[in-house]
Amino acid sequence: MLDDITRISSEFDAALAAANTAAALDELRVHYFGRKGGLIPALFSRLKEVPKEQKKDAGDALNKLRDRLESELKEKQERVAAEEAKRKESRDIIDVTLPARLPNLGHLHPVTIIRREMETIFSEMGYSLDPGPEVETDWYNFEALNFTPDHPARDTQDTFFLDVEPYLLRTHTSNVQIRSMENHTPPVKVLSCGRVYRRDEITMRRSPMFHQAEGFLVDKGIHIGHLRATLEHFIKRLFGADSKMRMRPSFFPFTEPSAEVDMSCVFCKGAGCGTCSQTGWMEILGCGMIHPQVLRNVGIDPEEWSGFAFGLGLDRCAMIKFDIPNIRTLFENDLRVLQQF
Ligand code: DAH
């Protein structure tokens, strides 16, 4: 009996040291003091088997054991309860000195950045902004712009036709020239930025949907010098004051004469590099003097008024400005990319 008391006493010490939660301590309590099968009550019920002359010693030892275990268990239960309460309290306290969590801020898309910069540059020159419709008729997208029904230049703009005649998805923003000139008597100055559509395969440089900007101006006495000065100002503002430009003769049905504009390569500053195929130049836009027939189509007398127009790809500008080699990068909307702008 006395041996059992000593053994249970030291086993309890180890078990108590290991129990550090209220739940573990309660388990311990049941194990030692539980009415059914608790070790201490079991020892007491064994007292009656102890021979008479040992009974007193055994009873004393057992009483001492019970008292010690009870008080130590109670003491630890109180300590653990106090610690748990303290931990809960500190979880509930708001530490106002901690830095705040930053909200997830959105970013402007690279094409939006370019569009807004262009809109600022041309607004400052007095241009109005007019995005125009993306669903268009043959008249506004082609015919009024001097693309006759069998004009070969139609083939270069592979068109998405809608089921409902005569609607199509505009292939360029030049439709806004016609719509604006119809709605406003000259002088007019308009910049139009928006989506355009062509039946192209997706490649590094092409996408069936992309973005264009179109600018045009109609007034008295406008000549190609005004066009050149306007474009030079625009290119220097968007790509840097050291940018140079040159015009090459070209052809568009709605302008005469027409030109293609190159600017000095932004990467090598004109020295020649891989990106500009060692030429030092990058093609950036198409332009020209508005064809007299286009003016006549919207009821403007070409003897009295003249104007210029230009068009460019906003995606291409974004790719040049931010050094993005693949147009797909602009449309995949990968947050890891967009967060950089
Ligand atoms: N609309 C032409 C295109 O999509 C771009 C263009 C060229 C627009 C010359 C113009 C211009 O206004 O004068 O390829």
Side-chain angles (χ1 to χ4, degrees), residues 111 115 118 122 127-134 136 138-148 151-160 168-181 188-200 205-219 222-232 234-235 245-263 282-295 297-298 300 302 305-317 327:
V111 173
R115 174 173 60 75
M118 266 197 88
F122 281 93
Y127 283 66
S128 318
L129 304 176
D130 179 1
E134 291 174 29
E136 198 43 291
D138 188 88
W139 170 258
Y140 288 101
N141 194 79
F142 289 124
E143 190 130 11
L145 288 161
N146 223 12
F147 291 82
T148 46
H151 199 291
R154 285 181 180 236
D155 296 345
T156 64
Q157 307 202 347
D158 227 339
T159 311
F160 285 110
L168 46 81
L169 296 181
R170 68 174 173 190
T171 58
H172 52 183
T173 41
S174 302
N175 64 327
V176 181
Q177 287 188 35
I178 305 301
R179 289 192 171 270
S180 292
M181 287 194 287
V188 282
K189 293 198 248 185
V190 172
L191 180 76
S192 173
C193 299
R195 293 193 181 92
V196 302
Y197 302 85
R198 292 185 198 178
R199 294 178 50 176
D200 278 325
R205 295 167 145 256
R206 283 175 193 275
S207 155
M209 187 284 294
F210 58 107
H211 301 83
Q212 278 192 340
E214 183 94 9
F216 63 93
L217 177 156
V218 180
D219 205 338
I222 296 301
H223 55 75
I224 205 162
H226 297 117
L227 171 60
R228 182 170 178 122
T230 303
L231 294 178
E232 209 163 291
F234 156 63
I235 287 172
M245 66 166 267
R246 70 177 185 188
M247 294 169 101
R248 284 180 289 109
S250 184
F251 174 81
F252 301 102
F254 42 90
T255 44
E256 180 57 38
S258 302
E260 237 145 337
V261 171
D262 300 332
M263 67 171 184
M282 314 178 104
E283 193 184 312
I284 178 80
L285 56 83
C287 64
M289 302 307 293
I290 298 178
H291 197 292
Q293 185 56 44
V294 173
L295 294 176
N297 287 343
V298 291
I300 294 176
W305 304 94
S306 57
F308 63 70
F310 58 90
L312 55 82
L314 287 174
D315 316 280
R316 189 169 150 69
C317 284
I327 194 170

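Whatever order the structure lists them in is the order used to number ligands and atoms, beginning at 1. Values in this document were obtained by computation on a predicted structure and should not be read as measured data.
Proximity of the aromatic rings of Phe310 and Phe122 is defined here by a centroid distance below 6.0 angstrom, and this criterion is met.
Side chains of Ser180 and Phe216 form a contact here, defined as non-hydrogen atoms less than 4.5 Å apart. Considering only heavy atoms from C-beta on, Arg206 stays 4.5 Å or farther from Arg198 through its side chain.
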Would you tabulate the side-chain donor-acceptor contacts of residues 287-294 under 3.5 Å, counting partners in other chains and residues two or more places apart, or write 'none'?
unit_1	atom_1	unit_2	atom_2	d
His291	ND1	Gln293	N	3.0
Gln293	OE1	Arg296	NH1	2.7
Gln293	NE2	Asn297	OD1	2.9

Exercise answer, ligand 1 polar atom pairs (N/O) under 3.5 angstrom:
unit_1	atom_1	unit_2	atom_2	d
ligand 1	1 (N)	His172	ND1	3.0
ligand 1	1 (N)	Ser174	OG	3.0
ligand 1	4 (O)	Arg198	NH2	2.8
ligand 1	4 (O)	Gln212	NE2	2.9
ligand 1	12 (O)	Gln177	NE2	3.4
ligand 1	12 (O)	Glu214	OE2	2.6
ligand 1	12 (O)	Phe310	N	3.3
ligand 1	12 (O)	Phe310	O	3.4
ligand 1	13 (O)	Ala309	O	3.1

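Interatomic distance, Asn141 CG to Glu134 CD, rounded to the nearest 0.5 Å: 12.0 Å. Between the CD atom in Glu214 and the CG atom in Leu314 there is a gap of 11.0 Å [rounded to 0.5 Å].
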